[in-house]
Amino acid sequence: MYERKIIPNLNCGLDLIGEVLYGKWKIRLLWFIHQGHQRPSELQRKIPDATRRVLNMQLKELEDHELIQKKIYAVVPPKVEYSLTEFGKTLVPVIAMLGTWGDDHEKRLRDVILKRLEGSAAE
C-alpha cells in the first residue's frame with residue numbers, strides 16, 4: 001500500500017480541500033451520489049473512463065474523509081450503496097457553483113485546454 005513520505009500542509013482551507021478532494025473522479029462521484037446514483041455499478045456507468053479499482057479507491061478515501069457513507073446489505077449477492085453524509089451534503093452547493101462556473105466559461109476553458117494539449121503533442 002502507498003505510504004505518504006511528505007506530511008501534507010494543513011494550515012490553509014485550500015490545502016485542506018485539496019487534500020480531501022484531490023483525485024480525478026472525486027467531485028464527480030460526490031455529485032452523482034448526490035443525484036441518487038448510489039450503487040458502485042451505477043457510478044461506474046456514469047464514469048466509464050475510470051477503472052473500477054480507481055473508483056473504489058476514491059470512494060474509500062471519500063468515506064475516510066467522512067463525506068460519504070457505505071451501507072452493505074446482508075444479501076446474496078452482496079449489495080452496497082453509498083450516500084452523502086451530512087458533512088458531505090455541505091459540499092453540494094460548492095460543487096454546483098464550480099459546475100456553473102465551468103458552464104459559463106465552457107468555450108474559453110475548452111480552447112485553453114485544447115491549446116495546451118496541442119502544444120504538448122508538438123513537443
Side-chain angles (χ1 to χ4, degrees):
M1 179 119 193
Y2 171 77
E3 186 175 323
R4 180 178 240 148
K5 293 176 181 43
I6 299 173
I7 297 171
N9 178 4
L10 303 177
N11 299 323
C12 164
L14 291 174
D15 292 332
L16 292 165
I17 289 171
E19 187 64 28
V20 172
L21 294 181
Y22 178 74
K24 187 171 185 177
W25 311 111
K26 285 184 180 178
I27 291 174
R28 291 179 74 186
L29 285 168
L30 288 167
W31 187 253
F32 291 138
I33 292 169
H34 160 69
Q35 289 182 322
H37 303 284
Q38 302 172 327
R39 307 281 310 276
S41 59
E42 292 174 321
L43 295 168
Q44 180 74 58
R45 279 193 294 277
K46 296 296 280 182
I47 310 174
D49 294 341
T51 65
R52 184 65 161 243
R53 179 180 173 273
V54 169
L55 286 183
N56 285 339
M57 287 172 43
Q58 292 194 357
L59 286 164
K60 174 73 172 116
E61 289 173 13
L62 290 170
E63 189 179 4
D64 289 346
H65 286 113
E66 301 177 0
L67 297 173
I68 64 172
Q69 56 194 3
K70 177 180 180 179
K71 183 172 184 179
I72 302 172
Y73 294 90
V75 295
V76 177
K79 178 181 175 183
V80 174
E81 289 185 346
Y82 291 95
S83 59
L84 294 179
T85 62
E86 289 302 315
F87 183 47
K89 289 176 186 176
T90 64
L91 269 173
V92 171
V94 176
I95 295 170
M97 191 176 296
L98 285 170
T100 299
W101 183 84
D103 290 341
D104 291 347
H105 300 283
E106 180 179 358
K107 182 181 178 347
R108 183 175 185 176
L109 291 169
R110 185 174 282 113
D111 289 347
V112 296
I113 291 167
L114 290 174
K115 181 179 174 184
R116 183 170 177 249
L117 290 174
E118 291 166 358
S120 65
E123 292 177 2

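Count residues from 1 along the sequence. What you see is a predicted model; the values in this text were computed from it and never measured.
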Sub-4.5 Å side-chain heavy-atom contact between Trp101 and Leu109: yes
Side-chain heavy-atom pair Arg52, Gln44 within 4.5 angstrom cut-off: yes
Other residues, nucleotides, ligands: >12 heavy atoms within 6.0 Å of Leu114 CG: yes
Check: Lys60 side chain, Asn56 main-chain N or O, donor-acceptor pair, under 3.5 Å: no
Carboxylate-amine/guanidinium proximity below 4.0 Å for Lys115 and Asp111: no
Residues forming a side-chain hydrogen bond (donor to acceptor under 3.5 Å, both in side chains) with Gln69, sequence neighbours excluded: Ser83
Nearest-0.5 Å distance that lies between atom CG in Leu67 and atom CD in Glu61: 11.0 Å
Close side-chain approach of Leu59 to Leu43, heavy-atom, < 4.5 Å: yes
Enclosure of Gln35 CD (heavy-atom neighbours >12, cutoff 6.0 Å): yes
Side-chain donor-acceptor pair present, Glu81, Tyr73, cut-off under 3.5 Å: yes
Ionic contact status for Lys89 with Glu86, cut-off 4.0 Å: yes
Contacts of type side-chain contact (heavy atoms from CB on, under 4.5 Å), residue Ile95, not counting sequence neighbours: Ile27, Leu30, Trp31, Leu91
